[in-house]
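The residues of the chain are indexed from 1 along the displayed sequence.
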Amino acid sequence: MKRIFVGAAFGALLLASPAFAQSLVLNGVTIIDTQTGKLTRNQSVAIDNGKVTQIARAGTIKPGAGAKVIDARGQYLVPGYLDMHVHSLNEPDPTASLELMLANGITGVRQMSGSPEMLQKRRDGQLKLPADGPEILAVPGTVLTGANAGTPEAAIAEVDRQKQMGADFIKVIDVKPDPFFAALGEAKKLGLVFDGHLQSTSAIEKAADEGMSAIEHLGPRESVLLGCSSDEDALRKAIAAKPPQAPPSAPGPAERRLRATTNPTMATDPVNFDLMKRVVATYSDDKCRALMKRIKKDGMWMTPTLIRLRTMEFGDDPAYRHSPNLRYVPAKTQQLWQEMADEFPQIVTPDRRAMLKKFWALQLRLTKLLEDAGVPMMTGTDSGGVGHWEISGVALHQEIDLLHQAGLKPLTILQMTTLNGAKFLHRDDRMGSVAVGKDADLVLLDANPAASAANLHRINAVVRSGNYYDKDALERLKQDAAKLAAG
Ligand SMILES: [Zn+2]
């Protein structure tokens, strides 16, 4: 994909050529090696034309005339954060979301749902993106579902069409096994990443062995954890005989609304509670470890999006209902979310709630086992869409905390948030580490994130395409987003 440059000096227009505001020197900073976590103290970093041009011991770089010089002593420098699962471009106007992301250290995002129109606009340079926002790193075509990939033939034709339209990858959601594997085979043939949701009717082992690139949301639901069940064979036979499907009667308004806003294939689909319950009851840690080894060997990636899972499974958590960050959410959406939280107990009865609590614990366990097995993972949130309680930018920091809660090492979380997305996209030649020649998309932190992942919250400044945003500038972006939300 051709890089899209956005100049900070201009309004909400996509520019064909870069407009870099300044030459920049960061003096006295500690650089973190995202591969090893190693610290190199007391460095100066020179930035020109949106690239890191020089790194040397502090005091040895002579700033050019007009360069902005920042005293960065005591600060830690890491690459800009990547949110590898967003839907921002599906918003009628993504300005506020994208500004909030930058204000929260995010300099690159992967859009997870596209369309022919979106791909066309991108080709024509007509995506309306704010100047102060992250780079759009990748865009897929229309998500594969039963509607466009109902049969193997239709699935293959759709993958071919999307390749022609310039999709960066194939996103799959809800596709039956035969078309699913046909589409996967076609994507592989065309050299396209095949990423998305795994249905419980398709075995995780087979998807990994056949080269599915990545799975989102740890499944979703039970589709990955089924592979950790000591009763997997029996459960799969039962699913094959009677795939989970909606009850014959029309769902009531509360359930309908919850489904519409949480995606019916996700965690609070009432149809699947029973299946999830059986998966919880038959979970085997040993079997799960063996499965993780296998998917590591197959080269599969994962984007857990724990924040997406938790906001669905704990949809009426007071912490979400009373979050001060709701000021970034339009009143109408806030009202919908609060109503959904009111209705949550109607669907998630006490026994279901107890089951979901166990299920959530297993999802955290699964995330830890993925780390133990060395399966590469990416930080993603699912923000920018219709997800309950998902606030752009804010969600990435919640995700970081949940990854910590799962027991992941600080270095793993740092890598998931900076380096791994670059690797997954095969762009680590220009992203993912602080090095000469790489993009000047950076975050300056007040504390060392290799010591504690919570330090990823302690943003002092952000550099985007060489443009420096200090704390005041970041605060202004947040105020701007809040104002846009308030209408
Ligand atoms: Zn998504």
Side-chain angles (χ1 to χ4, degrees), residues 1-5 14 82-91 94 98 108-129 133-176 179-199 202 207 210-217 263 265 299-303 305 378 380-385 420-427 430-431:
M1 190 190 100
K2 239 179 79 185
R3 175 137 192 232
I4 295 160
F5 290 102
L14 186 75
L82 308 177
D83 188 334
M84 293 298 284
H85 189 132
V86 306
H87 297 273
S88 316
L89 297 187
N90 299 111
E91 296 181 53
L98 294 171
V109 298
R110 184 172 61 138
Q111 168 74 16
M112 292 304 286
S113 44
S115 65
E117 297 75 34
M118 195 186 288
L119 292 168
Q120 180 69 46
K121 275 190 182 167
R122 184 179 66 164
R123 257 202 313 280
D124 298 344
Q126 295 297 322
L127 286 177
K128 275 200 183 151
L129 303 173
E135 180 182 356
I136 309 297
L137 299 169
V139 181
T142 309
V143 291
L144 297 194
T145 62
N148 59 4
T151 64
E153 297 72 33
I156 288 169
E158 180 61 22
V159 169
D160 291 347
R161 214 167 16 245
Q162 295 194 7
K163 166 81 176 175
Q164 283 208 327
M165 288 187 298
D168 297 318
F169 66 103
I170 302 296
K171 166 83 183 291
V172 61
I173 287 193
D174 186 5
V175 176
K176 290 192 176 118
F180 178 94
F181 287 107
L184 168 52
E186 187 68 4
K188 258 178 77 180
K189 203 173 90 188
L190 300 175
L192 283 172
V193 158
F194 190 81
D195 183 353
H197 300 194
L198 184 74
Q199 295 307 299
S202 300
E210 296 208 3
M212 185 173 185
S213 315
I215 288 182
E216 305 296 305
H217 318 301
N263 177 344
T265 65
M300 185 186 256
W301 289 61
M302 289 268 181
T303 317
T305 68
M378 297 180 277
T381 63
D382 219 1
S383 67
N420 290 5
K423 280 188 177 171
F424 183 78
L425 297 169
H426 300 290
R427 294 196 197 184
R430 70 164 177 87
M431 291 168 57

Excluding sequence neighbours, so at least two apart, what forms side-chain contact (heavy atoms from CB on, under 4.5 Å) with Ala183? Leu144, Ala155, Val159, Phe194

Using modelled atom types only, decide if a donor and an acceptor are shared between the side chain of Gln111 and the backbone of Leu137 within a distance under 3.5 Å. no

Under the side chain to side chain donor-acceptor pair (under 3.5 Å) test, which residues partner Glu158, sequence neighbours left out? Arg161, Gln162

Is there a donor-acceptor pair under 3.5 Å between the side chain of Arg123 and the backbone N or O of Met165? yes

Angle class for the His217/His85 ring planes (parallel below 30°, perpendicular above 60°, tilted otherwise)? tilted

Residues which pass ring pair (Phe, Tyr, Trp, His ring centres under 6.0 Å) with Phe424, listed by chain and number, not counting sequence neighbours: Trp301

If you look at every heavy atom in Val175 and Gln199, which pair is closest and at what distance? O-CG, 3.7 Å

If you take all heavy atoms of Pro179 and Ala149, which pair is closest and at what distance? CB-O, 3.2 Å

Residues in side-chain contact (heavy atoms from CB on, under 4.5 Å) contact with Lys163, at least two apart in sequence or another chain: Leu190, Leu192

Tell me whether the count of non-hydrogen atoms from other residues, nucleotides or ligands lying under 6.0 Å of CD in Gln120 goes above 12. yes

Just to verify, what does Lys189 make a side-chain contact (heavy atoms from CB on, under 4.5 Å) with, not counting sequence neighbours? Glu186

Which residues satisfy the side chain to side chain donor-acceptor pair (under 3.5 Å) test with Asn420, sequence neighbours excluded? none

Glu210: which residues meet the side-chain contact (heavy atoms from CB on, under 4.5 Å) condition with it, sequence neighbours left out? Phe181, Leu184, Lys206

When every non-hydrogen atom of Ala167 is compared with those of Gly141, the smallest separation belongs to CB-N, 3.5 Å

Considering residues at least two apart in sequence or located in another chain, which fulfil the side chain to side chain donor-acceptor pair (under 3.5 Å) criterion with Thr381? Asp83, Ser383

Under 3.5 Å side-chain donor-acceptor pair for Asn90 and Ser113: yes

Verify, without hydrogens or angle tests, whether Thr145 (side chain) and Ala147 (backbone) share a donor-acceptor contact under 3.5 angstrom. yes

Ser115: side chain to side chain donor-acceptor pair (under 3.5 Å) partners, not counting sequence neighbours: Glu117

Using modelled atom types and a 3.5 Å cut-off, is there a donor and acceptor pairing between side-chain atoms of Arg122 and backbone atoms of Ile136? no

